[in-house]
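In listed order, ligands and their atoms are each counted from 1.
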Amino acid sequence: MNLIDFVNKFPDEESCKLKFKEIREQEGIKCRKCGHTEHYWKKDKEQYECKKCKARMSLKSGTVMRKSKLPFRYWFIAIHLLTSTKKSFSSKEVQRQLGHKRYQPIWHMMHKLREAMGNRDDNYELSGEMELDDGFFTTRVPDDKKEEPLKRGRGSQRKTKVLVMTESEIVDNPKPGKKKKRVGFIKMKVINDLKAGTIDNEVKQNVSKDASIKSDDSTSYVGISDIVEEHTAKVIRNEEIQKELPWVHIAISNAKRLLLNSFHSIGPEYLQKYLNEFCYNFNRRYMGDALFDRLLVACVTMKNEFRYL
Ligand SMILES: [Zn+2]
């Protein structure tokens with residue numbers, strides 16, 4: 001959806017509200033009190049009323065927009081910005097575009113949307129042939145570490161560790177000039193350390209048991225073979241990474257470039273949210289115009305069925 005289409009489709013608050021209501025009803029409304037799924041729409045109050053227990057519910061309640069005083073149109077514009085371009089937008093930039101006085105509500109909205117993105121992707125597991133590696137992302141030095149002398153390299157207080165997992169299937173007869181592996185879904189998870197137990201937990205939560213994972217032979221990865229069907233760990237020299245683990249490294253460098261181009265400095269506690277956004281859009285790169293509606297659905301239903309995209 002380009003900007004003209006967006007403006008034509010959602011010219012005002014009412015059109016956004018109607019669309020939001022349509023998506024809510026399409027996904028099904030559940031009473032918070034009794035779990036009943038049939039409701040009356042009270043037009044004058046703009047509330048749903050449970051047909052069984054008469055409990056009332058606003059249009060926003062039970063969605064990521066709950067408690068937000070911002071108009072639906074703000075949310076729609078933000079969803080449009082997050083899904084229609086290959087770029088990302090800082091909350092400051094969105095605040096400027098909306099001409100809104102206060103920064104905090106806009107910041108909150110943007111992070112809620114990124115949370116919905118992560119939540120949606122948490123509903124499915126990676127499977128099949130996979131690559132796994134860790135990456136180090138530049139973040140702001142946390143306040144409690146500002147007094148310490150700054151370390152260099154991987155152990156620096158400016159670096160945040162991220163576990164990167166990609167479905168990466170070997171292509172049987174790749175066309176000349178094309179990659180030998182085809183990427184599927186990806187995940188990126190901020191981790192506190194590289195201990196084997198930490199890695200094991202992430203693999204358990206994000207990867208299907210039938211997966212076949214390839215990684216380097218780091219001691220962080222010693223537990224993986226007990227969790228999934230197959231784990232190939234091999235010594236990989238720096239110059240071989242592109243060949244052995246191509247997709248984790250393409251994903252890492254694309255994510256780093258996106259963050260660098262869009263944000264001034266990222267606090268380590270927020271890095272996961274930005275990675276959610278990157279992975280969400282990457283995993284839906286062929287969806288085109290459907291992306292807008294998909295993110296609206298993710299906002300309406302924070303948890304949903306497995307592998308429902
Ligand atoms: Zn009820």
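Protein atoms that are N, O or S and lie under 2.8 Å from the Zn ion (ligand 1) are these: C31 SG, C34 SG, C50 SG, C53 SG.
Using bins of under 30°, 30° to 60° and over 60° for the plane-to-plane angle, the ring pair Y274/F263 lands in the tilted bin.
In terms of the side-chain hydrogen bond (donor to acceptor under 3.5 Å, both in side chains) criterion, D200 has no residue partners (sequence neighbours excluded). When the side-chain hydrogen bond (donor to acceptor under 3.5 Å, both in side chains) test is applied to E13, no partner is found at least two apart in sequence or on another chain. The side-chain hydrogen bond (donor to acceptor under 3.5 Å, both in side chains) test applied to T37 returns no partner, not counting sequence neighbours.
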Verdict with supporting geometry, F76 and F6, ring-ring contact (aromatic ring centres under 6.0 Å, His included): CA-CA 9 Å; F76 275 48; F6 176 80; 7.3 Å; no

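Residues M109 and L98 have side chains in contact (heavy-atom distance under 4.5 Å, counting atoms from C-beta outward).
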